[in-house]
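Step one of this worksheet: look at the structure below.
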Amino acid sequence: MRPISFLSDFGLTDEFVGVVHGVIARIEPELRVIDVTHGVQRGNVRAGALALVRAVQYLPEGVALVVVDPGVGTSRRPIAALTPWGHFVGPDNGVLAPAVAMVGGASEVVVLEDERFRIPALGGSTFDGRDVFGPAAAVLASGQAAITDLGPTLPNESLSPMLLPLVEPEGNGIRGEVWWLDQFGNCQTNVSAEDLTALGASPGREVTLQIGGTEHNLPWVAAYGEVEPSQLLLHLDSYGLIAIAVREGSAAERLNLAEGHQIVLKA
Amino acid sequence: MRPISFLSDFGLTDEFVGVVHGVIARIEPELRVIDVTHGVQRGNVRAGALALVRAVQYLPEGVALVVVDPGVGTSRRPIAALTPWGHFVGPDNGVLAPAVAMVGGASEVVVLEDERFRIPALGGSTFDGRDVFGPAAAVLASGQAAITDLGPTLPNESLSPMLLPLVEPEGNGIRGEVWWLDQFGNCQTNVSAEDLTALGASPGREVTLQIGGTEHNLPWVAAYGEVEPSQLLLHLDSYGLIAIAVREGSAAERLNLAEGHQIVLKA
Amino acid sequence: MRPISFLSDFGLTDEFVGVVHGVIARIEPELRVIDVTHGVQRGNVRAGALALVRAVQYLPEGVALVVVDPGVGTSRRPIAALTPWGHFVGPDNGVLAPAVAMVGGASEVVVLEDERFRIPALGGSTFDGRDVFGPAAAVLASGQAAITDLGPTLPNESLSPMLLPLVEPEGNGIRGEVWWLDQFGNCQTNVSAEDLTALGASPGREVTLQIGGTEHNLPWVAAYGEVEPSQLLLHLDSYGLIAIAVREGSAAERLNLAEGHQIVLKA
């Protein structure tokens with residue numbers, strides 16, 4: 001019996017998350033389910049993939065149930081993938097790929113077609129979390145089925161990828177991108193501390209942040225407390241990436257930043 | 001030991017839900033509690049009843065703890081009802097009735113009056129979820145008490161009903177109603193696929209939706225992906241009812257619909 | 001194995017809460033975690049302390065994991081305290097103090113410095129919930145470590161206090177304060193029923209509420225149902241304190257009240 005870690009864009013206002021928990025408990029009452037988050041922006045596959053890749057290293061090995069699925073009801077494939085970490089269950093739209101790669105890649109991929117492990121839909125097929133993915137996660141986590149019981153296998157390399165941008169040189173700086181805005185407006189970028197130090201920057205000194213035609217000089221600090229309230233700062237965040245933040249405020253609002261926006265950093 | 005499925009309008013901002021979980025764990029630490037949803041609109045008994053009736057068929061048999069209770073502190077009765085599915089615990093204001101009926105009706109109904117299974121209120125009696133309903137659910141789920149231990153029995157037929165409207169003929173169409181807006185603005189109606197096909201409508205063709213004096217021609221599709229982004233559509237939703245939706249958008253906003261609004265559908 | 005009760009200001013939009021659950025489950029998969037609330041206003045230490053003190057008497061004895069920590073990354077100390085109720089784990093910024101005092105005080109306080117029970121940060125030290133507090137709670141709850149294993153002891157009286165205002169006489173009335181606005185706009189004050197009856201007030205009669213220069217005459221009732229919808233009222237709330245409320249409405253909005261605002265009550 002292994003735990004299920006459940007991540008979705010279902011939100012918590014309606015009963016969608018609770019119903020998936022119910023479906024899992026009906027299959028095996030003793031299963032543990034960790035709610036990673038259900039606050040992914042609706043249908044934002046990239047945001048879901050990034051949340052999963054940030055979280056997976058802290059989750060207990062077992063089954064990841066991931067439902068960010070704007071293509072529900074279309075021909076996108078519902079899949080399960082076996083990795084060294086455990087099983088990943090979700091739509092094959094790229095949401096699983098970065099986490100699967102991070103934990104060592106898939107040794108088995110199947111399409112969730114076997115009707116024995118699906119709940120017959122009452123109507124349209126718009127709730128695959130309840131009818132397809134939840135049941136698959138429950139039978140894998142409880143050991144009631146092996147992954148190859150769930151449907152036909154696919155070539156391991158057929159998992160749909162999620163293209164994530166790399167940092168690129170730009171003049172005497174580097175061009176990066178905002179990966180993630182958390183709910184407080186902190187902006188995680190795809191820039192590492194090594195990227196910055198390679199430019200000659202160092203903690204404790206200022207870095208130039210260019211957004212569009214505007215430049216901002218920000219201190220690179222170790223903790224928010226090193227700047228005054230409402231001051232902009234750069235820091236190495238808790239995931240090991242450079243983030244733009246405002247002490248007791250929102251960097252996203254201050255700089256009008258959104259996920260996917262381009263930035264340039266210079267020492 | 002059976003699981004408790006907990007549904008309320010408490011929201012998740014304050015500690016109300018956590019305190020009820022605490023009360024249950026103090027009575028029996030091994031009990032499992034599924035949070036169905038706590039996002040029911042505050043005091044909206046009909047919305048709570050509909051969420052419960054949508055969810056109950058997917059929940060593990062056991063105890064349903066349902067607290068949508070605008071009349072807390074008044075003379076409405078706190079009750080428990082025994083059904084073929086298990087126990088339902090909540091206020092007798094209609095919130096339990098549709099789900100109780102759906103799972104086969106009540107064979108025993110009691111008023112939660114026995115002080116042995118209530119927590120003495122520190123002050124006013126405004127938190128019956130913590131002081132009355134949570135403890136009752138916990139002792140029923142753990143087997144520490146039988147339903148008849150909890151208070152005097154009522155005639156089974158005395159459970160307060162929830163009147164839910166039926167579809168009615170209107171000219172050459174049918175008049176129905178919006179039952180539920182989910183958080184994304186999808187509008188579930190009380191119209192079934194059979195109701196529509198009886199009018200001569202069929203999937204793949206257009207249906208006329210009349211709201212007030214305005215008519216909209218909507219395609220009846222199997223999946224959102226069959227229309228363009230931001231286009232209106234009708235589909236059979238995952239609960240087997242006809243819903244009005246917008247691909248990647250909100251039908252409620254587009255059509256200014258709210259729960260209880262009347263609609264007319266024609267082939 | 002004892003349960004963990006987890007309270008934070010992390011919100012539920014991002015995966016912060018889920019990651020802490022994951023860290024705990026990796027240390028001991030059988031641990032139970034009760035989410036008290038994660039909706040404390042970001043960085044509002046006093047609001048977190050008050051939520052904890054309201055909740056703790058209803059939580060199962062064990063470990064309270066409390067992360068409202070605007071000073072993360074600064075010199076504030078991460079601590080654990082042993083009390084008759086169990087362990088409290090969190091930042092030493094006052095958020096723990098009222099609950100620790102309420103359950104009988106601390107007999108042991110340690111600073112969470114031992115690296116064996118911390119997760120090495122990937123980058124900056126801005127997620128102590130994941131890297132410091134969560135692991136400490138898990139090893140204490142599972143019995144894998146004693147509190148004195150986690151770091152050097154502090155004098156018990158060195159726990160940082162949280163100053164909470166007392167009621168004071170004001171003319172022929174009393175001056176109090178709004179402690180807590182719940183999400184529905186109910187305003188809990190620091191005034192007890194005894195404070196009001198000492199002024200000659202009694203349930204069923206009117207009380208004068210003065211805010212700034214404006215006076216309001218409010219009925220002191222036992223239940224919301226005793227007044228008309230949208231009418232202001234005073235009542236003894238479910239925690240035994242006097243609260244200002246509006247039936248089916250928000251007293252905070254009606255009276256423009258916020259946490260910390262001063263009020264005067266007269267019979």
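In what follows, chains carry the letters A, B, and so on, assigned in the order in which the sequence lines appear, proteins first and then strands, with residues in each chain numbered from 1.
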**Message:** Whether the side chain of R205(C) engages the backbone of A267(C) through a donor-acceptor N/O pair (distance < 3.5 Å, no angle test) should be reported.
**Reply:** no
**Request:** Look only at the side chain of T83(C) and the backbone of G104(C), and say whether a donor-acceptor pair between them is shorter than 3.5 Å.
**Result:** no
Which atoms of [X] come close to chain B, meaning under 4.5 Å heavy atom to heavy atom: side chain ones, backbone ones, both, or neither?
X: L12(C); value: side chain
X: L59(C); value: both
X: L50(C); value: neither
X: D182(C); value: both
X: D9(C); value: neither
X: F184(C); value: both

**Message:** Taking side chain to side chain contact (heavy atoms under 4.5 Å, CB included) as the criterion, tell me which of T208(C), I263(C), L255(C), L234(C) meets it with H216(C).
**Reply:** L255(C)
**chain C contact via I27(B) - which portion, at a heavy-atom distance below 4.5 Å** = neither
**Request:** Taking all heavy atoms of Q57(C) and all of V53(C), pick out the closest pair and write down the distance.
**Result:** NE2-O, 4.1 Å
**Prompt:** When you check the gap from the basic side-chain N to the acidic O, do E30(B) and R32(C) get nearer than 4.0 Å?
**Reply:** yes
**Message:** Before we go on, tell me: are the rings of F127(B) and F10(B) under 6.0 Å apart, centre to centre?
**Reply:** yes
